[in-house]
Amino acid sequence: MVLSSMTEEVKLVSGVNDEVKKLVSIFKSIQALLDDAEEQQVKEVSVRNWLFNLKAVSYDMDDVLDEWKTWIQTSQLQHEPDPLKNKVLSFFRCNCFTTSDVGLRHVVGGRIREIKQRLDDIATDRVRYQLNSTDRSEKHVERYVTTSFIDTQEVKGREEEKDRVKSKIFSGASKLHIISLVGMGGIGKTTLAKLIYNDNDIQDHFEEKIWVCVSEPFDEMRIAKAILESLRGSSTHDFRELENILKEIRAILYKKRFLLVLDDVWNENPNKWKELKHSLTCGLLGSTILITTRKERVALLMGCNNESIHKIGFLNSEQCWSIIRQIAFVNGERDKLERIGKKIADKCKGLPLAATTLGGLLRFKKSMKEWSRVLESEGWESDDLLGPLKLSYYDLPLPLKQCFSYCSIFPKDSKIGKRELIGMWMAQGYLKGKEEDEDLEIIGETYFENLIARSLLQTLPKNRDTCMLHDMVSDLAQTFTKNECLIMEVLNDTDTIQNSLCAEVRHLTLALAQDVSVPVSVYDLNKLRTLIIRLFEIKSPSVVVLPLESVFYRLTRLRILDLHKCGIKEVPSSISKLVHLRWLDLSENYSLQKLPETLCDCYNLQTLTLVYCVNLEELPQGIGRLSNLMYLDMEGCRKIKYLPKGIGNLWRLKKLSDFILGVHENEASVADLEKLNNLRGTLSIRGLGNVRKIEETKAIQLKKKKNINRLKLNFHFDGDFRLEDEEELLETLEPHLDLEMLRIQKYNGKTMFPSWMMKLNLLRELWISICENLQELPPLGKLPFLEELYIGYMRVKRVGIEFMGIEEEDSPMVAFPKLKKLVFSELSEWEEWDDGWLTERIKKKITVMPYLRELSIWGCPRLNTLPYHLLSPTITNLERLNIKECCVLQQRIEEHKLSHIPQVIFKARRYLLKKR
């Protein structure tokens with residue numbers, strides 16, 4: 001366990017101070033034995049029990065010291081009320097301490113002495129098991145830049161197998177061809193499926209391609225939604241019934257040849273597959289479903305025959321060595337290590353996953369001596385297939401072991417957000433800096449990068465901020481946390497947690513079937529630090545019967561409480577009992593309307609997530625007392641009209657999805673935003689129309705908030721007064737010049753020419769919408785790195801060369817030099833998009849939108865033509881033209897027959913035109 005030193009905090013209380021010093025001293029002397037015990041527990045059951053007892057007492061010690069630290073810090077507020085000077089923003093009395101100071105000393109002192117006695121007993125057993133202190137100075141967490149990582153999915157040795165499976169696919173003569181890749185865990189089923197899925201021949205053969213990770217349980221609703229979301233490219237929140245989803249899938253796939261990959265299938269119940277399969281029989285001849293599974297029986301039940309089952313074989317040693325070398329030798333091959341490396345490859349047992357993980361391990365070894373230690377490690381003596389993976393685990397520094405092991409709390413095939421994972425590590429106290437004020441999030445990112453580099457975590461190909469654990473890596477994590485972490489599926493109300501070791505369970509994930517409540521036995525797990533509840537989506541969203549009063553009164557050691565989409569209507573005031581709470585997720589509880597004021601007594605809260613609580617109307621007035629809050633995410637909470645005044649006191653805030661300005665004295669003003677200088681990432685400022693004096697906004701100093709790279713400015717107003725000069729107001733909102741994304745909405749000015757806009761040389765994405773008084777577009781063509789531009793809901797009548805940023809006396813230039821995607825939407829009065837005086841002479845000097853690939857024009861019924869630079873086949877490189885509800889323009893384009901544009905879409909009709 002990682003514990004913060006509490007010596008300074010307890011000096012205020014004599015007697016207890018001495019006990020704490022002894023406690024911390026004993027713990028530190030034993031903590032150095034953890035690494036040695038981790039490895040010996042595999043061979044010695046007694047050592048495993050010793051390690052379990054050490055971790056249990058460490059948890060208990062951490063809890064009592066955390067309670068004591070919290071009481072000390074909040075008590076200090078009585079003597080030092082200045083929030084900025086003391087960095088503690090308000091006082092509350094922890095509910096776990098209701099006695100007098102003397103009584104508190106007695107209770108805490110007694111608990112510490114009891115823990116100290118347990119540690120003394122554990123220390124005695126150390127001699128019996130001959131455990132040696134590990135020299136922890138040899139192991140430290142190195143920082144690796146994620147962009148330097150090679151693609152570990154490029155597994156060698158599968159080219160022939162890929163070609164054989166492709167032959168099976170192309171020879172499909174049935175209306176729905178089903179093929180299975182069958183093999184043991186770690187053999188490379190998913191990797192081979194990805195190689196096939198991304199193959200150029202496959203791309204050309206199928207009109208639609210869908211990838212769905214199935215895993216356990218086989219949830220028809222979730223799988224159908226995943227298929228539909230892939231086909232539509234948008235959310236399926238509006239669908240509640242399985243039948244409606246299947247009808248939509250049939251409509252989209254009707255008479256199309258498609259490829260559907262169902263990865264990691266375990267289902268052996270043919271009835272669960274029947275309805276979904278029937279909806280997929282609407283495609284053209286040759287449509288294919290590719291399944292990956294560990295069980296041949298599953299493949300047969302899904303509709304495969306012996307000829308359509310491909311059994312994946314093991315790699316040979318040379319292929320394993322090729323994988324290891326590719327990952328381990330970042331700077332090229334090292335001949336002196338090849339002899340040892342090939343011997344290590346011999347021990348991979350032909351598993352690509354083992355080779356990949358060992359490559360990640362050897363990447364951190366620089367010398368022949370270190371490689372030899374890996375080769376000669378006792379870990380190879382393990383008969384199970386996790387042996388090579390265990391070597392990688394044992395090599396981790398202790399903080400990384402804790403962070404990796406905690407990942408066992410996530411069900412297999414879960415997609416885990418990097419920010420979410422780092423926040424959870426932080427909440428559990430696993431992130432430790434050398435300096436007291438060191439940024440723990442940066443430390444967490446270093447840990448994350450290390451686990452990726454060691455192939456213990458895998459990032460998604462298109463999203464490096466989301467990761468997964470391979471099934472076998474998940475099994476590895478669970479072998480080291482089986483007494484601490486528990487994932488339980490609750491299928492009916494009779495299920496209970498009966499494991500004899502559950503008294504010491506610290507982290508619990510419950511997966512609940514529809515209309516099933518949390519088992520009463522959960523409330524007996526009073527040492528829980530993590531409680532995550534997830535639902536099986538079968539027919540419709542479930543409402544969980546969850547007595548939160550029981551949670552708050554009995555599970556008082558919780559640090560992480562995840563109640564995402566649990567049908568919660570009310571949060572009881574007793575939440576203040578959760579003194580240790582650091583992470584609270586109440587997202588997508590659609591009936592939740594308010595939060596109790598007592599939530600602000602959870603002094604240690606670091607993360608509060610309220611995403612898409614669509615009926616939540618306000619935040620507690622005392623939120624400014626949450627002085628440790630770093631992440632407040634309210635995305636989609638559109639009924640919240642303002643933030644409370646105290647929001648400006650939360651100086652630690654790094655993420656604030658929406659800063660909402662109010663009009664009354666108890667509501668947030670622009671002055672509160674001035675204090676929040678640690679904000680980073682995306683910031684949305686709503687209610688700028690409520691600003692009464694322009695001088696107020698000058699104090700915000702957005703340009704000094706250098707960590708804000710995405711900014712949204714919404715000028716909506718709720719009051720009776722609105723500034724006439726919004727042009728000057730916009731001028732005062734100058735952001736940092738490194739801004740990458742900007743959105744401006746509901747702006748009331750007639751022009752949009754702030755002096756800073758053309759200085760945003762790194763801007764890549766720009767949205768301007770619902771600006772009804774705007775009569776002329778700014779010269780956006782001058783922005784050198786703009787890649788995406790959206791303009792919508794305006795009364796603009798004409799777009800001309802001023803939009804391109806071209807002036808009559810200009811020397812040769814490029815307008816919109818990097819623009820790739822351009823969208824005009826709902827410009828009901830727009831009539832003309834004109835090249836103006838771009839004569840042939842000028843055209844030779846000026847290049848317009850050379851990289852534009854996609855143009856969409858929606859709801860512009862009066863627009864009559866496109867400009868020359870888009871109509872000319874010798875100039876434009878446009879690949880996709882999407883025209884919707886533009887009747888005049890559609891007629892003109894059909895007359896032009898734009899065969900130089902590969903894809904032209906009119907409303908729901910699609911014309912695919914090949915280039916000449």
Side-chain angles (χ1 to χ4, degrees), residues 1 33-56 58-59 129 131 134 184-187 215-216 264 266 294 347-349 351 353-358 360-361 374 377-414 416 421 424-425 428 430 451 454-458 467-489 497 499-509 529-530 532:
M1 294 296 300
L33 305 173
L34 282 172
D35 278 357
D36 191 40
E38 287 270 15
E39 295 190 42
Q40 289 201 36
Q41 68 167 319
V42 179
K43 298 180 288 183
E44 300 287 343
V45 176
S46 56
V47 174
R48 188 180 312 151
N49 294 333
W50 179 89
L51 181 61
F52 175 74
N53 291 332
L54 176 60
K55 288 184 176 181
S58 300
Y59 278 123
Y129 303 135
L131 293 169
T134 301
M184 63 180 297
I187 198 70
S215 196
E216 292 186 284
D264 194 25
W266 293 77
R294 295 189 186 187
K347 298 193 174 190
C348 288
K349 302 175 182 178
L351 289 177
L353 177 62
T356 299
T357 308
L358 284 169
L361 165 64
V374 173
S377 170
E378 293 181 355
W380 295 113
E381 297 176 7
S382 173
D383 291 331
D384 62 72
L385 294 171
L386 294 178
L389 278 64
K390 286 178 180 176
L391 288 177
S392 295
Y393 173 80
Y394 294 140
D395 186 68
L396 295 175
L398 186 58
L400 280 185
K401 285 182 178 176
Q402 293 173 321
C403 292
F404 169 70
S405 297
Y406 187 76
C407 295
S408 65
I409 196 65
F410 299 103
K412 289 182 178 180
D413 294 316
S414 294
I416 312 166
L421 185 57
M424 288 183 164
W425 290 342
Q428 296 297 342
Y430 298 152
L451 292 175
R454 295 170 183 268
S455 300
L456 292 173
L457 295 180
Q458 298 176 354
C467 68
M468 296 180 68
L469 274 74
H470 188 282
D471 282 0
M472 288 184 68
V473 175
S474 179
D475 292 340
L476 172 71
Q478 290 172 10
T479 61
F480 296 107
T481 59
K482 59 185 177 184
N483 295 328
E484 301 171 53
C485 298
L486 179 63
I487 298 176
M488 179 179 176
E489 293 181 6
I497 300 177
N499 191 323
S500 60
L501 295 175
C502 277
E504 296 296 332
V505 167
R506 308 288 174 161
H507 311 290
L508 174 65
T509 295
R529 287 181 153 223
T530 302
I532 299 173

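Here the structure is a predicted model, which means the values were calculated and not measured.
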task: Please identify each residue that fulfils side-chain contact (heavy atoms from CB on, under 4.5 Å) with Ser474, with sequence neighbours left out.
output: Lys412, Leu469, Gln478
- request: Kindly compute the distance separating OG (Ser405) from NE2 (His507), expressed to the nearest 0.5 Å.
  value: 9.5 Å
message: If you compare all heavy atoms of Asp264 against all heavy atoms of Trp266, which two are closest, and at what distance to 0.1 Å?
response: OD1-NE1, 2.8 Å
query: With Arg294, which residues qualify under salt bridge (charged side-chain N to carboxylate O under 4.0 Å, His left out), at least two apart?
result: Asp471
- line: In this structure, SG of Cys467 is separated from CZ of Phe410 (nearest 0.5 Å) by 8.0 Å
message: So Leu451 and Leu396, do their side chains get closer than 4.5 Å, heavy atoms only?
response: yes
- request: Identify the heavy atoms of Leu353 and Gln458 that sit nearest to each other, and give their distance.
  value: CD1-NE2, 4.5 Å
- request: Would you give the length of the straight line joining atom OG1 of Thr356 to atom CG of Leu361, rounded to the nearest 0.5 angstrom?
  value: 12.5 Å
message: Nearest 0.5 angstrom please: Met468 CE to Ser414 OG, how far?
response: 7.5 Å
- prompt: Is it the case that Tyr393 and Thr479 place a side-chain donor and acceptor less than 3.5 Å from each other?
  reply: no
field: Least distance between heavy atoms, Leu456 atom then Val473 atom
entry: O-CG1, 3.2 Å
- request: Using the test ring pair (Phe, Tyr, Trp, His ring centres under 6.0 Å), find all partners of His470 that sit at least two apart in sequence or belong to another chain.
  value: none
message: Under a plain distance cut-off of 3.5 Å, with no hydrogens placed, do Tyr59 and Glu484 share a side-chain donor-acceptor pair?
response: yes
- prompt: Among Ile409, Thr509, Val505, which residue meets the side-chain contact (heavy atoms from CB on, under 4.5 Å) test with Leu486?
  reply: Val505
query: After noting the C-alpha distance and the side-chain angles of Thr530 and Met424, does the key distance pass the side chain to side chain contact (heavy atoms under 4.5 Å, CB included) rule?
result: CA-CA 9 Å; Thr530 302; Met424 288 183 164; 5.8 Å; no
- request: Would you please test Cys407 and Leu421 for side chain to side chain contact (heavy atoms under 4.5 Å, CB included) and show each step?
  value: CA-CA 8 Å; Cys407 295; Leu421 185 57; 4.1 Å; yes
message: Run the side chain to side chain contact (heavy atoms under 4.5 Å, CB included) test on Arg529 and Leu508 for me, step by step, so that the C-alpha distance in whole Å, both residues' side-chain angles and the decisive distance to 0.1 Å come before the verdict.
response: CA-CA 8 Å; Arg529 287 181 153 223; Leu508 174 65; over 6 Å; no
- request: Name all residues meeting the side chain to side chain donor-acceptor pair (under 3.5 Å) criterion together with Thr481; count only those two or more places apart in sequence or in a different chain, and write none if there are none.
  value: Ser408
query: At what distance, to the nearest 0.5 angstrom, does CZ of Phe404 lie from CH2 of Trp425?
result: 10.5 Å
statement: Heavy atoms of Glu504 and Ala56 approach each other most closely as OE1-CB, 3.7 Å
Heavy-atom check, side chain of Leu391 versus side chain of Leu358, under 4.5 Å: yes
- request: Find the distance between OG1 (Thr357) and CG (Leu351) and round it off to the nearest 0.5 Å.
  value: 9.5 Å
